[in-house]
Amino acid sequence: MTTPKIASALPGAPDVPEDVARRLDEALSRKGPGYVPRTHHLEGGWPVYTNRLVLEGSPYLLQHAHNPVNWFPWGEEAFEEARRLERPVMISIGYSTCHWCHVMERESFEDVEIARFLNENYVCIKVDREERPDVDAIYMSAVQALTGSGGWPLNVFLTPDKAPFFGGTYFPPRDGARGMRKGFLTILAELLEVYTKDRERIDRAAADLTGIVRDLLSAQAAPADVDVPDAGPIASALRAYKRGFDSTHGGLARAPKFPSQLPPRLLLRVNRRANDAEALHMATLTLAKMAGGGMYDQVGGGFHRYSTDPEWLVPHFEKMLYDNALLAVAYAEAHQATGRADFARVTREVLDYVLREMTSPEGGFYSATDADSEGEEGLFFVWTPAELREALGADADRFMRYYGVTEAGNFEGRTILHASAPDEAEHAALASARETLYALRAKRIPPLRDDKVLTSWNGLMISGFAVAAQALGEPRYAEAGARAAAFLLERMREGDRLRRSFLDGKAQFNGYLDDYAFLIQGLLDLHEATFEARWLHEAIALAEVVEAHYADRSSGGWFMTSDDHEQLLAREKPGYDGAEPSGNSVHLLNVLRLGELTGEDRYREMGARALKAFAAQLTERPLALSDMLLALDFWTDTPREVVVVWPDGEAAPKALLDVLGRTFLPSRVITGGPESTLAALAKAAPIVEGKRTVDGKPTVYVCERGRCEAPTTDPGVLAAQLGQVKAY
């Protein structure tokens, strides 16, 4: 049998140390013949080429483990090699479900001629941006500074001391391909010529670009006299959203459309405190149109990444855990604010999809599924009339009318299901047809699933389950969130420090700010949904780690990386809310919530310092910090402290909790438990001190900064107490 060619046999590759060659052989032999994650080069059942990435755990890196490119993972070995050979470095960053990353792999990194040129002249590094967001942030900033835009795949050229001098995103393989004048091979040759003949020019460009990156990412000290912002940035953001609103389809009037571009959660808060009917309409229309469009998986539940058109019809078909986590919370809150059954249904469908398809045996949540299957984007999700008639029989015509299925189709001759006129009764009537199609679709070749468990995204999904458990009154969702939280705390923590990623039984990489911030948020939400003291204690312990190792003590806010992390070109202090919220935005709200629960002024002081640190950005560019505006809404409100206490031996009081769950009250904290547990809980949450049942009945106390309404056992009275609003 032919064995794979390892690094020393790659076209143009230098000899590699014997121990590396041996480890590559051993790794591949353990996987056995036929192990081909992604390669077009086969010989005798084996991949022809194998590089160092076969030793890695990341699904994305393993996708490139059989490219003819002599890839290194990120690490000093690669840069030492570049210094030894006096070569430039090419770093290519992406993630496992990135469609254009796959395209560039097929076109360029599987191309032997291009691989030979890279191997002979560059040191090449592959990075999974989901495992190393710190590396991605630095070089994404460099490319955005150079080109004005960014994205993945991200291809950046560095000196051996890690300084960027050129970069871009997708490059076609050769001149003229995809209508672009210069292809990747030409760009590689031109950069190499400048690097070898005019190194001084390269060094100047690298120094200039490194300076820009440091200015963009590093912490900027706030003026000493800066004030904590008032609600002005929220009003400024609202005006901008109203100007750009798509009154027909919801969201902003542009394409492509991302769910995060117009944040429904902020608009719901504005309506609550300013009685702004237009803000409510913008939120509800956007949520309804997204759920009725092709961006939503009408058969299996869950949202695709984004819409390529203004109508939310044709999506980019990958599904990301974080999108679905954030949208689950948005739909649950919209249900609280409006009582609409369709928003409750979508929340359930999203979470049930995650439980069914994205949950590991241990309880953690997988990261993503690909857009492509069988080499085509979206093929798994689309239908033809003939398929539907064969599967559904007499129900087919009704189904096709509702979901817009035509002979011509709306996507490469097939149809992306969508409901242009959603109707809850008709949706319910077609439930059996959807179940039939789901079972039929399950027999297709599915898109690749990225099975790594990321702490940060799991934290977001724990929040999704916890918030939905309250809003919908369904304890099973809180149980799923609790199982995931227990898994993270037991398997993805070493000592008191979190790890970033878990795969194949191994946790690795230092945790980043968003790992801590998103998990702390999830634990606080879980405590409010379950009243289990453990989750509050764990949230406080993790917040202490953040303050010890991530805090910017000079200016306020928090850095992405810990004080003992690998030193890179810059230590980023995240200040932008995009598809994912920044760690600073989420943790700012965390410390404000902890301040209310614990009564400790230091948490409120942390929040004030962070708001001052970002005051200029909030004032000048509020749309860039839409999630931080949620924290600002909390800060400018007078949060309610809600304590629920019930007799020992009884279940938690459903009638009272149903009122809490139905009420849209974002500026609040909730705690409590059986009467005999409150003394122990008071050590972490002093607001429960002295709270007792009234006449032996379950009782709720609604307080503001220690001043309490009369305790009540009556759900109607509780609803009235919770309904009071402090306007902006």
Side-chain angles (χ1 to χ4, degrees), residues 10-14 51 64 67-74 78-94 100-101 103-127 129 135-136 138-213 568-569:
L10 291 168
N51 57 58
H64 294 266
N67 297 160
V69 177
N70 187 26
W71 292 114
F72 286 76
W74 177 270
F79 292 101
E80 289 172 4
E81 185 78 348
R83 286 189 286 270
R84 184 179 71 83
L85 297 172
E86 298 183 347
R87 291 182 179 180
V89 174
M90 188 199 75
I91 176 173
S92 182
I93 304 174
W100 284 99
C101 300
V103 171
M104 191 161 179
E105 181 194 11
R106 289 193 298 267
E107 293 178 346
S108 294
F109 301 140
E110 287 281 355
D111 184 291
V112 172
E113 182 186 10
I114 293 175
R116 178 179 291 112
F117 192 88
L118 284 167
N119 294 339
E120 289 175 346
N121 299 291
Y122 290 85
V123 171
C124 301
I125 298 175
K126 260 289 170 193
V127 174
R129 67 113 176 170
V135 174
D136 178 56
I138 287 171
Y139 296 111
M140 181 65 76
S141 295
V143 169
Q144 288 172 332
L146 280 170
T147 68
S149 62
W152 300 277
L154 187 70
N155 296 289
V156 192
F157 297 85
L158 322 178
T159 65
D161 59 1
K162 305 178 186 176
F165 60 86
F166 182 78
T169 54
Y170 164 79
F171 294 110
R174 287 174 175 78
D175 297 354
R178 298 187 183 272
M180 297 177 72
R181 186 171 63 86
K182 287 187 181 180
F184 191 46
L185 192 56
T186 296
I187 290 169
L188 291 173
E190 291 180 351
L191 286 174
L192 182 66
E193 183 175 11
V194 177
Y195 189 88
T196 54
K197 294 182 178 179
D198 194 354
R199 182 61 187 274
E200 185 178 341
R201 177 182 170 191
I202 292 289
D203 290 341
R204 282 198 309 270
D208 291 345
L209 193 52
T210 297
I212 292 170
V213 168
L568 300 171
L569 291 184

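One-based numbering along the sequence shown.
- In this view, Tyr195 and Arg199 satisfy the side chain to side chain donor-acceptor pair (under 3.5 Å) rule, not counting sequence neighbours.
- Between Val69 and Asn51 the shortest side-chain heavy-atom distance does not fall below 4.5 Å.
- Between the side chain of Ser108 and the backbone N or O of Glu105 there is no donor-acceptor pair closer than 3.5 Å.
- When all heavy atoms of Ala78 and Val123 are compared, the pair lying nearest together is O-CG1, 3.5 Å.
- Contact record, Leu209 with Ala145: CD1-CB, 4.1 Å, taken as the closest heavy-atom pair.
- Considering all non-hydrogen atoms of both residues, Thr210 and Pro164 come closest at OG1-CD, 3.6 Å.
- Between Leu185 and Pro173, the closest side-chain pair of non-hydrogen atoms is not below 4.5 Å.
- Residues Ile202 and Pro88 fail the side-chain proximity criterion, which asks for heavy atoms closer than 4.5 Å.
- For the salt bridge (Lys or Arg N to Asp or Glu O under 4.0 Å) test, no residue two or more places apart in sequence or in another chain qualifies with Glu86.
- A distance-only check finds no donor-acceptor pair linking the side chain of Asn70 to the backbone of Asn119 [under 3.5 Å].
- Looking at heavy atoms from C-beta onward, Phe184 lies out of side-chain contact with Glu107 at the 4.5 angstrom threshold.
- In terms of the side chain to side chain contact (heavy atoms under 4.5 Å, CB included) criterion, residue partners of Gln144 (sequence neighbours excluded) are, by chain and number, Met140.
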For side chain to side chain contact (heavy atoms under 4.5 Å, CB included), just list the numbers for Leu158 and Ile125, CA-CA rounded to whole Å, side-chain angles, deciding distance to a tenth of an Å, and then say yes or no.
CA-CA 11 Å; Leu158 322 178; Ile125 298 175; 5.8 Å; no
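- The side chain to side chain contact (heavy atoms under 4.5 Å, CB included) test applied to Leu191 returns Tyr122, Phe157, Phe165, Phe166, Ile187, not counting sequence neighbours.
- For Pro73, the side chain to side chain contact (heavy atoms under 4.5 Å, CB included) criterion is met by Arg52, Leu53, Glu56, not counting sequence neighbours.
- A pairwise comparison of heavy atoms in Glu110 and Arg106 identifies CB-O, 3.7 Å as the closest pair.
- Listed by chain and residue number, Cys98 satisfy the disulfide (SG to SG under 2.5 Å) test with Cys101 (two or more places apart in sequence, or in another chain).
- Counting only residues at least two apart or on different chains, the side-chain hydrogen bond (donor to acceptor under 3.5 Å, both in side chains) pairs with a member in residues 148-159 are Ser92-Asn155, Asp136-Trp152, Thr159-Asp161.
- Partners of Thr186 according to the side chain to side chain donor-acceptor pair (under 3.5 Å) rule, which considers only residues two or more places apart in sequence or in another chain, are Asp175.
- At distances below 3.5 Å, at least one donor-acceptor pair connects side-chain atoms of Arg87 with backbone N or O atoms of Glu120.
- Glu80 pairs by the salt bridge (Lys or Arg N to Asp or Glu O under 4.0 Å) definition with nothing, not counting sequence neighbours.
- Annotation: side chain of Asn121 is not in contact with side chain of Leu188 (no heavy-atom distance under 4.5 Å).
- Expressed to the nearest 0.5 Å, how far CE of Met104 lies from CZ of Phe171 amounts to 6.5 Å.
- The side chain to side chain contact (heavy atoms under 4.5 Å, CB included) check on Ala189 picks up Phe117, with sequence neighbours excluded.
- Applying the side chain to side chain donor-acceptor pair (under 3.5 Å) test to Arg174 and every residue at least two apart in sequence or in another chain returns Asp111, Glu113.
- Here the shortest heavy-atom pairing between Ala82 and Val89 reads CB-CG2, 3.5 Å.
- For Arg129 (side chain) and Ile93 (main-chain N/O), no donor-acceptor pair under 3.5 Å exists by modelled atom type.
- For Trp74 and Phe79, the ring centers sit closer than 6.0 Å to each other.
- By the side chain to side chain donor-acceptor pair (under 3.5 Å) test, Arg201 pairs with no residue at all, sequence neighbours left out.
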Go through it in stages, so that I can follow the logic: the residues are Tyr139 and Val127, the test is side chain to side chain contact (heavy atoms under 4.5 Å, CB included), and I'd like the CA-CA distance, side-chain angles, deciding distance and then a yes or no.
CA-CA 11 Å; Tyr139 296 111; Val127 174; over 6 Å; no
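- Of the inter-residue distances, the one linking Trp71 atom CH2 with Met90 atom CE reads 3.5 Å to the nearest 0.5 angstrom.
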